Amino acid sequence: HVQLVESGGGSAQAGGSMRLSCAAVAHFDSMGWFRQAPGMEREGVAAIDADGSTSYADSVKGRFTISKGYPKNTLYLQMTNLKPEDTAMYYCAVPYQDLSATETLRVMSSGGDFGYYGQGTQVTVS
C-alpha cells in the first residue's frame, strides 16, 4: 500500500504564497500534484520525474514549483502569487508506473485510474 500524506494547506489572500508538503512511505521516482475543485474535472498541476525534470499546467507555470526532499521522501509544492482560481483540494500522487514528468502530468488530468494519492489538503484563496 502506498501511503501519501499531504499537509500545508489553508487559507491565503490573492497574491500570497503557500507551500504544500507530501510525506511518502518510500522514495518514488515519478510524483506529482493534482487538484480538484467542487464540480470541476481533476487537473494535473505539477509533476517531477527520476531525472528531476518537471512539468506544469499552463495555469500555474511561473507561479508553482514542485520539488523533492531527500532523504525524507517528501514532495513539495511551492505556490506563489496565488489566485482565487487556485482554490481546490490538492492531492499528492504517484502513478502506477514510472513516467516522465510530462506523462505524469497528462495521466493526472486524464480522469482515469492512474495511480495512488493521499487524502488531500484544502487550499482556499480569497
Side-chain angles (χ1 to χ4, degrees):
H1 177 68
V2 176
Q3 185 176 15
L4 302 166
V5 180
E6 302 92 342
S7 62
S11 298
Q13 291 188 334
S17 299
M18 190 179 294
R19 188 175 82 158
L20 305 183
S21 299
C22 170
V25 65
H27 170 75
F28 298 99
D29 286 333
S30 303
M31 299 187 77
W33 292 91
F34 69 88
R35 65 188 180 187
Q36 189 161 26
M40 302 293 286
E41 297 284 327
R42 189 175 71 203
E43 179 188 18
V45 173
I48 188 167
D49 63 23
D51 296 330
S53 296
T54 57
S55 187
Y56 298 92
D58 288 343
S59 57
V60 306
K61 277 181 183 175
R63 301 189 298 121
F64 290 11
T65 302
I66 187 172
S67 62
K68 289 180 178 176
Y70 295 97
K72 295 183 178 179
N73 303 324
T74 304
L75 183 71
Y76 301 103
L77 184 68
Q78 178 68 48
M79 306 184 292
T80 62
N81 192 20
L82 285 163
K83 302 176 180 181
E85 50 264 43
D86 294 321
T87 296
M89 187 73 82
Y90 283 71
Y91 299 86
C92 171
V94 174
Y96 288 134
Q97 57 190 112
D98 286 338
L99 302 171
S100 69
T102 300
E103 190 64 11
T104 297
L105 191 71
R106 187 191 70 77
V107 299
M108 288 192 295
S109 298
S110 67
D113 180 18
F114 73 94
Y116 306 97
Y117 52 93
Q119 293 298 308
T121 185
Q122 177 68 37
V123 172
T124 302
V125 184
S126 58

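The chain is numbered in sequence order, starting from 1. Computed from a predicted structure; not experimentally measured.
Val2 is connected to Leu20 through a chain of hydrophobic side-chain contacts under 4.5 Å among Ile, Leu, Val, Met, Phe, Trp and Tyr, so both are in one cluster. Under the 4.5 Å side-chain heavy-atom criterion for grouping Ile, Leu, Val, Met, Phe, Trp and Tyr, Met89 is not connected to Val45 through any hydrophobic cluster. Linking ILVMFWY residues whenever their side-chain heavy atoms come closer than 4.5 Å, directly or via other members, leaves Ile48 and Leu99 in distinct clusters. Note on Phe28: it does not cluster hydrophobically with Tyr117, by side-chain heavy-atom contacts below 4.5 Å among ILVMFWY residues.
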Report the C-alpha distance between Tyr91 and Leu4 in whole Å, list the side-chain angles of each, state the deciding distance to 0.1 Å, and finish with yes or no for side chain to side chain contact (heavy atoms under 4.5 Å, CB included). CA-CA 9 Å; Tyr91 299 86; Leu4 302 166; over 6 Å; no

For Cys92 and Trp33, what are the C-alpha separation, side-chain angles and deciding distance, and is it a side chain to side chain contact (heavy atoms under 4.5 Å, CB included)? CA-CA 5 Å; Cys92 171; Trp33 292 91; 4.0 Å; yes

Full working for side chain to side chain contact (heavy atoms under 4.5 Å, CB included) between Thr80 and Ser17: CA-CA 4 Å; Thr80 62; Ser17 299; 3.7 Å; yes

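Looking at Tyr76, its side chain never comes within 3.5 Å of a backbone N or O of Thr65 through a donor-acceptor pair. No donor-acceptor pair closer than 3.5 Å links the side chain of Arg19 to the backbone N or O of Gly8. In terms of modelled atom types and a separation under 3.5 Å, the side chain of Thr87 and the main chain of Val125 share a donor-acceptor contact.
Nearest heavy atoms, Leu105 versus Ala57: CD2-N, 3.8 Å. Ser109 approaches Gly44 most closely through the heavy-atom pair OG-N, 2.7 Å. For Ser59 against Glu43, the heavy-atom pair with the smallest separation is OG-OE2, 2.9 Å. The heavy-atom pair separating Ala101 from Ser53 by the smallest distance is CB-O, 3.4 Å. Across all their heavy atoms, Gly120 and Glu6 have their closest contact at N-OE1, 2.9 Å. What you find for Phe34 and Arg42 is that their closest heavy atoms are CD1-CG, 3.1 Å.
Ile66 has its side chain within reach of Leu75: a pair of non-hydrogen atoms, C-beta onward, lies under 4.5 Å apart. Contact annotation: the side chain of His27 approaches that of Asp29 to within less than 4.5 Å [non-hydrogen atoms, C-beta and beyond]. Inter-residue side-chain proximity for Asp86 and Arg35 is flagged as met; some heavy-atom pair is nearer than 4.5 Å. Between Thr104 and Met108 there is a side-chain heavy-atom pair separated by less than 4.5 Å. Within the 4.5 Å cutoff, the side chain of Tyr96 has no heavy atoms near those of the Val107 side chain.
To the nearest 0.5 angstrom, Cys22 atom SG is 10.0 Å from Gln3 atom CD. Once rounded to the nearest 0.5 Å, the distance linking CE of Met18 with CG of Leu77 reads 10.5 Å. Atoms CE and CG, on Met31 and Asp49 in that order, are 12.5 Å from each other to the nearest 0.5 Å.
Taking the charged nitrogens against the carboxylate oxygens, Lys61 and Asp58 do have a contact shorter than 4.0 Å, which makes a salt bridge.
Shown here is Tyr56, whose OH atom has more than 12 heavy atoms of other residues, nucleotides or ligands within 6.0 Å. The neighbour count for Glu85 CD, taken as heavy atoms of other residues, nucleotides or ligands under 6.0 Å away, is above 12.
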